A.B. asks: 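Before anything else, here's the structure in question.
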Amino acid sequence: MKHQHFIVAALAAVFSLPALAAPAGVMLKDPYCGCCDAWAGHMKQNGLEVTSRIEQNMAKIKDERRVPANLRSCHTAEIGGYLFEGHVPADLVKKVLKDKPKIAGLAVPGMPMGSPGMEGPSKQAYQVVAFDRQGKTYVYANR
């Protein structure tokens, strides 16, 4: 009987491990953008694995994924079934993956100084905006 409990506990631990790990993602980017790689580094430092894929026509990628025009930035990442447009902080990516809100994704419009991947001597306040497939948006967080 002791061995059965051990086996059940061991199997439960093994099968629950993937649930604990964040899903790997892919970042679609223009071949000439450097800040995108810095953002991917920020994700990795925070336990989120993101591979990079070069795309020649980012406007088409964003159109196909219905990223609202006013929310667009330099790169688009797909992680766990959500879109992350631009320099979205890792803690908010993790929150979305954990909470699973009914949104298409989060966006940081433009390229605000001080956002992840855009670190520098100054930091400006910016908004992280949630959006759905119909184009409805709301402020998810202020940074």
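On a predicted model such as this, the values are computed, not experimentally measured, just so you know.
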A.B. asks: Could you report the tightest heavy-atom contact between Arg66 and Arg133, atom names first, then the distance?
C.D. replies: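 What the structure gives for the nearest pair is NH1-O, 3.4 Å.
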A.B. asks: Linking Ile, Leu, Val, Met, Phe, Trp and Tyr by side-chain heavy atoms under 4.5 Å, what else ends up with Met118?
C.D. replies: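 Once heavy-atom contacts under 4.5 Å are chained together, Met118 belongs with Met111, Met113.
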A.B. asks: Answer yes or no: is there a donor N or O on one side and an acceptor on the other, between the side chain of Lys102 and the main chain of Asp132, under 3.5 Å?
C.D. replies: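 Checked: no pair found.
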A.B. asks: Is the closest basic N to carboxylate O distance between Asp91 and Lys98 below 4.0 Å?
C.D. replies: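 No.
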A.B. asks: Does a side-chain heavy-atom distance below 4.5 Å link Val50 with Ile79?
C.D. replies: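 They are in contact (side-chain heavy atoms under 4.5 Å apart), so the answer is yes.
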A.B. asks: If you group Ile, Leu, Val, Met, Phe, Trp and Tyr by side-chain heavy-atom gaps below 4.5 Å, do Leu83 and Val93 land in one group?
C.D. replies: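 They do not share one cluster, since no chain of ILVMFWY contacts under 4.5 Å joins Leu83 to Val93.
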A.B. asks: If every non-hydrogen atom of Lys100 is compared with every non-hydrogen atom of Leu97, which pair is closest and at what distance?
C.D. replies: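 Minimum heavy-atom separation between Lys100 and Leu97: NZ-O, 2.9 Å.
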A.B. asks: How are the rings of His87 and His75 set to each other: parallel, tilted or perpendicular (split at 30° and 60°)?
C.D. replies: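 Answer is perpendicular, since the angle exceeds 60°.
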A.B. asks: Would you call Met27 and Cys36 a side-chain contact if the rule is heavy atoms closer than 4.5 Å?
C.D. replies: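 Yes, their side chains come closer than 4.5 Å.
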A.B. asks: For Met43, is there any backbone N or O sitting under 3.5 Å from a side-chain donor or acceptor partner on Gln45?
C.D. replies: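 No, Gln45 side chain to Met43 backbone: no donor-acceptor pair under 3.5 Å.
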A.B. asks: Can a salt bridge be assigned to the pair Glu64 and Lys62 using a cut-off of 4.0 Å between side-chain N and carboxylate O?
C.D. replies: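 Looking at Glu64 and Lys62, the cut-off is not met.
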A.B. asks: Would you say the side chain of Leu92 lies within less than 4.5 Å of the side chain of Tyr140, judging by non-hydrogen atoms?
C.D. replies: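 The answer is yes; the side chains approach within 4.5 Å.
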A.B. asks: Take a 6.0 Å sphere around NZ of Lys123 and say whether it holds more than 12 heavy atoms from other residues, nucleotides or ligands.
C.D. replies: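 For Lys123, atom NZ is crowded (more than 12 foreign heavy atoms under 6.0 Å).
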A.B. asks: Does a donor on one side chain and an acceptor on the other come within less than 3.5 Å for Ser73 and Glu85?
C.D. replies: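 Distance-only check fails for Ser73 and Glu85.
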